[in-house]
There are 2 protein chains.
Amino acid sequence: MLSLNNDSDIPLYSQLSTQIMESIVRGDLSTGDTLPSVRVLAGDLGVNMHTVNKSYHELESKGIIEIVPKKGAVIKANEQKISAKRIEILSEEFRPIVVEALVNGMKKEEIHQIITNIIIKIKKED
Amino acid sequence: MLSLNNDSDIPLYSQLSTQIMESIVRGDLSTGDTLPSVRVLAGDLGVNMHTVNKSYHELESKGIIEIVPKKGAVIKANEQKISAKRIEILSEEFRPIVVEALVNGMKKEEIHQIITNIIIKIKKED
DNA sequence: AATCTGTTCTATTTCGTCTATAACAAACAT
DNA sequence: ATGTTTGTTATAGACGAAATAGAACAGATT
């Protein structure tokens, strides 16, 4: 179930993108499935149409979905091999958080444990 | 050496905070060391005094440094035991990036490898 | 005594987010 | 065929964060 938090400092469209990606990881959404129209989902979530539209385009730029104008948004099959460029982008996103963990005295294994727990958490939630 | 990127979508004060934390992790800054005054560092980096001030206060809120009014900013000793609350905060920050990695088809071990590489990279840089 | 320090205040510019409304042309449903 | 739904595009406004600028203050340093 999707739900956005207005009080968060994370933009609504980013929250939505992340939650849709979580649904895919969890298996609730699979390759070929279509997402609700921007108007319908906006109505369900109580946000503006453009906010949902922005999220969909963010997902499209990440290669997660395909937007067919006048038709809808479809979940794409995930690439079998992740590109080196994508890994580089992910690394840059991970970096500041890893630094913060390290400066707090955490060891590599403890950070790995946090990652492991997050993965477990994502796959268990509904 | 500190250097900020004006074209980045990451705020200047956040970039600065991260780089200072990296210096600590790397050992270039140790407990008891004092940071440059907000005016001096701002001059070196070519940014406004308030931008550096904001970074220092962000670091103080994270418990990394201590600001003594009219004196300066000093690197604090890192807590021997990281609090559960801090781990929770870090987890929430890690989460969306982990999701993005998973939706790209990465496995747990591959994400661990990215983390490991980041740590190596941080400690090697100058 | 002069300088340097972080602090506080006011002000302005710029940009991203979010909302709102409207119109368009293509796809779809009945 | 008609009416609805679709994503797209455009314009507009409100709001807050980021960043800059300049000035003044009082305590610490030299």
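Order of the sequence lines sets the chain letters (A, B, ...), proteins ahead of strands, with each chain counted from 1.
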inquiry  = Please tell me whether A/Ile118 and A/Leu90 are part of a single hydrophobic cluster in this structure, the criterion being side-chain heavy atoms less than 4.5 Å apart.
reply    = yes
query = Would one find a side-chain N or O of B/Ser37 under 4.0 angstrom from OP1 or OP2 of C/dT5?
reply = yes
request  = Applying salt bridge (charged side-chain N to carboxylate O under 4.0 Å, His left out), name anything that partners B/Lys62, two or more places apart in sequence or on another chain.
outcome  = A/Glu100
Shared hydrophobic cluster for B/Ile65 and B/Val68 (ILVMFWY, side-chain gaps under 4.5 Å) = no
key: Hydrophobic cluster identity match, B/Ile115 and B/Ile89, side-chain contacts under 4.5 Å   = no
Quick one: which protein N/O atoms are closer than 3.5 Å to N/O atoms of nucleotides 8-13 of chain C? Pair and distance per line, please.
| unit_1 | atom_1 | unit_2 | atom_2 | d |
| --- | --- | --- | --- | --- |
| C/dT8 | O4 | B/His50 | NE2 | 3.3 |
| C/dC9 | N4 | B/His50 | NE2 | 3.1 |

task = Would you indicate what B/Tyr13 reaches in the nucleic acid, counting non-hydrogen atoms under 4.0 angstrom: base, sugar-phosphate, or nothing?
result = sugar-phosphate
ask   = Quick one: A/Leu41 CG to D/dG7 C1', roughly how many Å, whole number?
value = 14 Å
ask   = C/dC28 P sits how many Å from A/Arg39 CZ, rounded?
value = 16 Å
inquiry  = Using OP1 and OP2 only, check whether a side-chain N or O of A/His57 sits under 4.0 Å from D/dT8.
reply    = yes
request  = Verify the cluster assignment for B/Leu102 and A/Met21: are they in a single hydrophobic cluster under the rule of side-chain heavy atoms below 4.5 Å apart?
outcome  = yes
request  = Round to a whole Å and report the spacing from CG of A/Asp9 to P of D/dG16.
outcome  = 15 Å
task = Considering just the side-chain nitrogens and oxygens of B/Thr51, establish if one lies under 4.0 Å of OP1 or OP2 belonging to D/dA18.
result = no
request  = In whole angstrom, give the distance that lies between atom CG of A/Leu4 and atom P of C/dT19.
outcome  = 9 Å
Atom pair distance, as rounded to whole Å: NZ in B/Lys71 and P in D/dA26 = 21 Å
ask   = What is the distance, rounded to the nearest whole Å, between atom CG of A/Asn5 and atom C1' of C/dC18?
value = 15 Å
query = Which whole-number value in Å describes the distance from B/Ile65 CD1 to C/dT5 P?
reply = 15 Å
task = Answer yes or no: does a side-chain N or O of B/Lys70 lie under 4.0 Å from OP1 or OP2 of D/dT29?
result = no
First of A/Pro69 and A/Gln15 reached from the 5' end of DNA chain C, by closest nucleotide = A/Gln15
message = How many whole angstroms separate atom CG of A/Leu16 from atom P of C/dT17?
response = 14 Å
message = Assigning hydrophobic clusters by single linkage (Ile, Leu, Val, Met, Phe, Trp, Tyr; side-chain heavy-atom cutoff under 4.5 Å), is A/Leu2 placed with A/Leu35?
response = yes
query = What distance separates B/Arg86 CZ from B/Lys81 NZ, expressed to the nearest 0.5 Å?
reply = 15.5 Å
